[in-house]
A.B. asks: 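One structure is given below, represented as structure tokens, and several questions about it will come after.
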Amino acid sequence: MSVALGVDATGGLTTPAGGLTGRVLPVRGELADLLPWGGLRRGSTVSVRGSTSLLLALLATATAEGCWAAVVGVPHLGVLAAAELGVAVHRLALVPRPGSDPAVVERTVAALLDGIDLVSVGVPVSPHVARRLSARARSRKAVLLPFGEWPGADVELRTGEGRWSGLGSGHGLLAEREVVVHAGGRGAASRPRRGAVLLPAAGGGVGPAAGRPSGRPVSVVAG
């Protein structure tokens with residue numbers, strides 16, 4: 001198992017120093033509209049499916065404002081990509097390969113939930129382990145962000161197909177990508193929502209899609 005901690009301006013390793021103390025951790029407005037609490041509520045489990053960019057975008061504002069985050073079992077996730085999407089990488093811990101032993105994975109994630117504000121896990125776990133880790137997040141007032149399917153998640157966010165823009169008639173550079181994010185879940189999140197966002201936007205990070213409302217509730221019509 002390897003852990004990559006952030007590096008401060010002097011080149012030394014930084015250590016968690018406590019994040020925001022409010023009940024809801026902030027996210028960009030385009031994503032906040034999709035969450036029933038207007039952000040990431042401490043103690044909740046919010047699963048993310050289909051896009052590492054969406055996962056990093058959820059971490060960006062909270063880490064920029066002082067929270068610590070960790071990502072476990074997503075080996076293709078890079079620090080540069082995180083920085084481009086606005087994550088404060090000196091407050092980001094990476095455990096790309098936590099091993100194949102389910103007990104070790106569970107202990108690793110549980111330990112991180114004890115001291116870090118937001119913890120994402122990309123390793124599939126059994127339903128009973130998922131329940132225990134979600135309970136751990138509730139008791140420690142952390143946010144658990146599974147990357148992939150997660151039984152009993154409070155909210156599930158998933159992206160549909162994206163559309164890139166920026167190319168002209170056979171030339172130019174890809175500038176931004178518009179995607180539709182779908183949100184569902186249980187309790188306060190049981191009413192489906194969807195919103196179009198730019199991920200990434202032209203200047204990096206996440207931005208509003210022009211002319212497309214974010215967080216629009218979806219009416220379900222029988223028949």
Side-chain angles (χ1 to χ4, degrees), residues 1-5 16 25 27 31 34-36 40-60 62-63 67-82 85 87 89 92-162 179-187 189-190 192-194 199:
M1 179 178 71
S2 62
V3 179
L5 292 176
L25 303 182
V27 299
L31 299 176
L34 297 167
L35 297 164
L40 295 167
R41 189 189 67 193
R42 288 187 179 275
S44 66
T45 298
V46 179
S47 68
V48 180
R49 301 181 66 178
S51 172
T52 54
S53 293
L54 177 58
L55 173 63
L56 292 172
L58 288 169
L59 301 178
T63 58
C67 289
W68 274 78
V71 180
V72 179
V74 188
H76 60 278
L77 187 149
V79 174
L80 179 58
L85 284 162
V87 177
V89 295
L92 176 66
L94 300 179
V95 188
R97 293 177 176 83
S100 57
D101 186 337
V104 172
V105 172
E106 182 179 0
R107 287 198 300 268
T108 300
V109 176
L112 290 167
L113 288 169
D114 287 348
I116 290 184
D117 302 289
L118 307 108
V119 179
S120 178
V121 53
V123 180
V125 301
S126 64
H128 69 276
V129 170
R131 288 192 294 271
R132 285 203 297 265
L133 290 175
S134 290
R136 187 81 165 218
R138 283 195 299 274
S139 68
R140 298 298 190 266
K141 303 299 186 229
V143 179
L144 182 61
L145 292 163
F147 184 61
E149 187 175 355
W150 194 267
D154 298 299
V155 179
E156 179 182 280
L157 300 176
R158 60 180 177 85
T159 56
E161 292 186 4
V179 297
V180 176
V181 181
H182 300 265
R186 57 195 183 93
S190 60
R193 291 177 173 266
R194 67 169 180 262
L199 188 65

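Because only heavy atoms are used, hydrogens play no part in the values below, and waters and symmetry mates are left out as well, while side chains stay in. Residues take their numbers from the sequence shown, with the count starting at 1.
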A.B. asks: If we ignore hydrogens and angles and just use 3.5 Å, is the side chain of D117 paired with the main-chain N or O of A69 as donor and acceptor?
C.D. replies: no
A.B. asks: Can you tell me if S134 and T45 form a side-chain donor-acceptor pair at under 3.5 Å?
C.D. replies: yes
A.B. asks: The test is side-chain contact (heavy atoms from CB on, under 4.5 Å); show your working for V155 and S44 and say whether it passes.
C.D. replies: CA-CA 8 Å; V155 179; S44 66; over 6 Å; no
A.B. asks: Looking only at non-hydrogen atoms, find the nearest pair between G99 and V105 and report the distance.
C.D. replies: O-CG2, 3.6 Å
A.B. asks: Can you find a pair of side-chain heavy atoms, one from L35 and one from R193, that are under 4.5 Å apart?
C.D. replies: no
A.B. asks: Any non-hydrogen side-chain atom of L92 less than 4.5 Å from a side-chain atom of T63?
C.D. replies: no
A.B. asks: Within this structure, what is the CG-CZ distance for the pair L144 and R138, rounded to the nearest 0.5 Å?
C.D. replies: 10.0 Å
A.B. asks: Pick from L113, L145, L112: which one makes a side-chain contact (heavy atoms from CB on, under 4.5 Å) with L118?
C.D. replies: L145
A.B. asks: Check whether any side-chain heavy atom of S120 sits under 4.5 Å from a side-chain heavy atom of L55, and report yes or no.
C.D. replies: yes
A.B. asks: Can you name the residues that form a side chain to side chain donor-acceptor pair (under 3.5 Å) with R186, not counting sequence neighbours?
C.D. replies: D154
A.B. asks: Shortest non-hydrogen contact from V123 to P98?
C.D. replies: CG2-CG, 3.7 Å
A.B. asks: Does the side chain of V95 reach to within under 4.5 Å of the side chain of V109, using non-hydrogen atoms?
C.D. replies: no
A.B. asks: Do the side chains of L56 and L77 get nearer than 4.5 Å, heavy atoms only?
C.D. replies: yes
A.B. asks: If I compare all heavy atoms of S47 with all of W150, which pair ends up nearest, and what's the gap?
C.D. replies: CB-CB, 4.1 Å
A.B. asks: Return the minimal non-hydrogen interatomic distance between A130 and P151, and the atom names on each side.
C.D. replies: CB-CD, 4.0 Å
A.B. asks: My understanding is that only one of V71, L59, V79 makes a side-chain contact (heavy atoms from CB on, under 4.5 Å) with V87; could you say which?
C.D. replies: L59
A.B. asks: Calculate, to the nearest 0.5 Å, the distance between atoms CZ and NE2 belonging to R49 and H182 respectively.
C.D. replies: 12.5 Å
A.B. asks: Which atom names give the shortest non-hydrogen contact between L34 and R194, and what distance separates them?
C.D. replies: CD2-C, 3.6 Å
A.B. asks: Among all residues two or more places apart in sequence or in another chain, which pass the side chain to side chain donor-acceptor pair (under 3.5 Å) test with R158?
C.D. replies: none
A.B. asks: Any heavy-atom pair between the side chains of L58 and L157 that's under 4.5 Å?
C.D. replies: yes
A.B. asks: Taking the side chain as C-beta and beyond, is there a heavy-atom pair between V129 and P102 under 4.5 Å?
C.D. replies: no
